[in-house]
Amino acid sequence: MALSRIWSAFIIIAIVVASIKCFFFGQTDIFNWMVIGKADDAANPLKLDGIIQTCWVSVELCLKLIGILALFMGLMSIAEKAGGIRLLSKIVGPFFSKLFPDIPKGHPSMGHMIMNFSANLLGLDNAATPFGLKAMESLQELNPTKDTASNAQIMFLCLHAAGLSLIPVSVIAIRASQNASNPTDVFIPCLIVTFVGTMAAMLIVSFKQRINLFQPVVIGWILGLSLIIASLVLYIRSLNAAGIQSFSGLLSNGLILFIFFIIILGALYKKIDVFDAFIDGAKDGFKTAINIIPYLVGMLVAISLLRTSGTFDVVINGIKSVFVYLGTDTRFVEGLPTALIRPLSGGAARGMMVSTMETYGADSFASRLSGVFQGASDTTFYVVAVYFGSVQIKNTRYAIGSMLLADLVGVCTAIGVCYLFFG
């Protein structure tokens, strides 16, 4: 019900704002561009896709996902039949059993979730999505009410959406392309913000589900993870921009190939029919990609209307006016468009970040803040549409509210950290 109300509000607000612009400010062509506009059309003043083009983009996105989902779900099928997922579940079981008390000991979903979190940590978006969808499918098997999100599904998605990531490679690459004097200077702030956001998501959902986090196992795992991250931070800080990108590529892509190698080797050792197991999983990947098309189209169309109607501009100008009136520093407001659109669209947020760099300069406070916003969380509404849509969850309960609250914590942390690091 929450998702339904939010989706309806997006559409109604966007059309109301556009109507005001059309009938009171003379922008008579705004409806035309909202419906049939194309971002690459030189005559389009908005430089944004309208709802027709957005529908095509949504389907194209799902079609591109088919190959990736087929590949990784095929490998997951091999790993399951070879017992690899059960082994991974046993390793993370002591920690996850505290965060996910409703999941039976040794259940495959434990392994699927840790694969998803690990892929996110290393910036492996192509691998994280299939692992995450497989985790949702496993959790749905335990869900007693199939159209309503379970506690375990909410905890998983909130942690996933918090987006704990080690190296924001794409942000560093874009800053380098924009001739920033130090493209990697957002690395530490991004890591701090993602870690705080993840902890916030854990605390918010745990409070809602009455989970006690002050247990030796939970504290031990969190401290252990913190130590590993701190060690990598110390190493990465010794590298230059080229070194960081090289190390990231070696770590992330090398890990993918290592996963392939271990899964196939383990399956051969267990005498599994490897290719047959791969095909079984790949078929599920194809079905999943097709199933999420309606959910993705609906969400992206609503977001498109918000963007093309100029609602974001109204919100940003309103926020800036408030802080100007209060007499406070308003430099952070110039970076806020990325933060506001990040929960709605990753591609749009990336575009906002680039636009901020081009407008204010790559070394400006606003550009650095925009880069931290971009590298510090996942796309909340995309995650909700794709992951809940893949298992036909209609009642998301408090999931969206928890995610947005964690996003807000991340935004506030990002602003504070950027003032601390960049003045």
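Excluded from the calculations below are hydrogen atoms, water molecules and symmetry mates; all remaining heavy atoms, backbone and side chain alike, are included. One is the number of the first residue; the rest follow in order along the sequence. This one's a predicted model, so the numbers in the text were calculated from it and none came from an experiment.
- Within the 4.5 Å cutoff, the side chain of Asp49 has heavy atoms near those of the Val57 side chain.
- Between His160 and Tyr387, the gap from one ring centroid to the other is short of 6.0 Å.
- Here Phe373 and Phe332 keep their ring centres 6.0 angstrom or further from each other.
- Between Ala135 and Met113, the shortest heavy-atom contact is CB-CG, 3.7 Å.
- A donor-acceptor contact under 3.5 angstrom links the side chains of Gln209 and Tyr398, judged on distance only.
- No side-chain donor-acceptor contact under 3.5 Å links Ser77 to the backbone of Met73.
- Judged by distance alone, the side chain of Gln140 and the main-chain N or O of Lys146 form a donor-acceptor pair under 3.5 Å.
- Between His112 and Asn116 there is no side-chain heavy-atom pair separated by less than 4.5 Å.
- Atom CG in Leu369 sits 10.0 Å away from atom CZ in Arg331 (nearest 0.5 Å).
- When atom types are taken as modelled, the side chain of Thr288 and the backbone of Asp284 share a donor-acceptor pair closer than 3.5 angstrom.
- Of the N and O atoms on the side chains of Ser367 and Ser364, at least one donor lies less than 3.5 Å from an acceptor on the other residue.
- Within a 6.0 Å sphere centred on NZ of Lys21, heavy atoms belonging to other residues, nucleotides or ligands number more than 12.
- Looking only at atom types and distance, the side chain of Asp407 has a donor-acceptor partner in the side chain of Thr380 under 3.5 Å away.
- Proximity of Met202 to Ile222: side-chain heavy atoms (C-beta onward) are separated by under 4.5 Å at one or more points.
- Looking only at side-chain heavy atoms (C-beta outward), Ile68 and Pro130 come within less than 4.5 Å of each other.
- For the pair Asn44 (side chain) and Lys38 (backbone), a donor-acceptor distance under 3.5 Å is present.
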Could you please spell out the steps behind the side-chain hydrogen bond (donor to acceptor under 3.5 Å, both in side chains) verdict for Ser150 and Asp102? CA-CA 9 Å; Ser150 67; Asp102 297 334; over 6 Å; no
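- Taking all atoms of both residues into account, the shortest heavy-atom contact from Lys47 to Asp41 is NZ-O, 3.3 Å.
- Atom OG1 in Thr379 sits 11.0 Å away from atom CZ in Phe381 (nearest 0.5 Å).
- Under the 3.5 Å distance criterion, with hydrogens and angles disregarded, a donor-acceptor pair is assigned to the side chains of Ser181 and Asp363.
- By the 6.0 Å contact criterion, CZ on Phe207 is open, its count of non-hydrogen atoms from other residues, nucleotides or ligands being 12 or less.
- Sorted by first and then second residue, the pairs that involve residues 183-197 and meet salt bridge (Lys or Arg N to Asp or Glu O under 4.0 Å), not counting sequence neighbours, are Arg175-Asp185, Asp185-Arg368.
- Remark: aromatic rings of Tyr295 and Phe388 are distant, center separation not under 6.0 Å.
- Within the 4.5 Å cutoff, side-chain heavy atoms of Val297 are placed close to those of Ile293.
- Nearest heavy atoms, Pro189 versus Val372: CB-CG2, 3.8 Å.
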Ile393 and Asn143: side-chain contact (heavy atoms from CB on, under 4.5 Å), yes or no, with the steps? CA-CA 10 Å; Ile393 293 290; Asn143 189 0; 3.8 Å; yes
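- Heavy-atom minimum distance, Thr54 versus Gly50: OG1-O, 2.7 Å.
- Here the CZ atom belonging to Phe10 is positioned 11.0 Å from the OG atom belonging to Ser309, to the nearest 0.5 angstrom.
- Checked by atom type and distance alone, the side chain of Lys208 never pairs as donor or acceptor with a backbone atom of Ala399 at under 3.5 Å.
- Between Phe117 and Phe96, the ring planes are perpendicular. Angles over 60° get that label, and only those under 30° would be called parallel.
- In this structure, Leu336 CG and Ile415 CD1 are separated by 5.5 Å, a value rounded to the nearest 0.5 Å.
- For the pair Ile66/Ile290, a side-chain contact is recorded, criterion being any heavy-atom separation below 4.5 Å from C-beta on.
- Contact annotation: the side chain of Leu142 never approaches that of Phe100 to less than 4.5 Å [non-hydrogen atoms, C-beta and beyond].
- Remark: side-chain polar atoms of Asn291 are not paired, donor with acceptor, to backbone N or O of Ser390 under 3.5 angstrom.
- Here the shortest heavy-atom pairing between Val193 and Gly410 reads CG1-O, 3.4 Å.
- Met155 places a side-chain heavy atom less than 4.5 Å from the side chain of Ser206.
- Between the CE atom in Met299 and the CG atom in Leu296 there is a gap of 9.0 Å [rounded to 0.5 Å].
- Atom CD1 of residue Ile219 and atom OG of residue Ser226 lie 11.5 Å apart, to the nearest 0.5 angstrom.
- For the pair Ser370 (side chain) and Ala366 (backbone), a donor-acceptor distance under 3.5 Å is absent.
- Here the closest heavy-atom approach between residue Leu159 and residue Thr198 is recorded as CD2-O, 3.9 Å.
- Between the side chain of Trp7 and the backbone N or O of Ala302, no donor-acceptor pair lies under 3.5 Å.
- In summary, the aromatic rings of Phe365 and Tyr360 are positioned with their centroids too far apart to meet the 6.0 Å limit.
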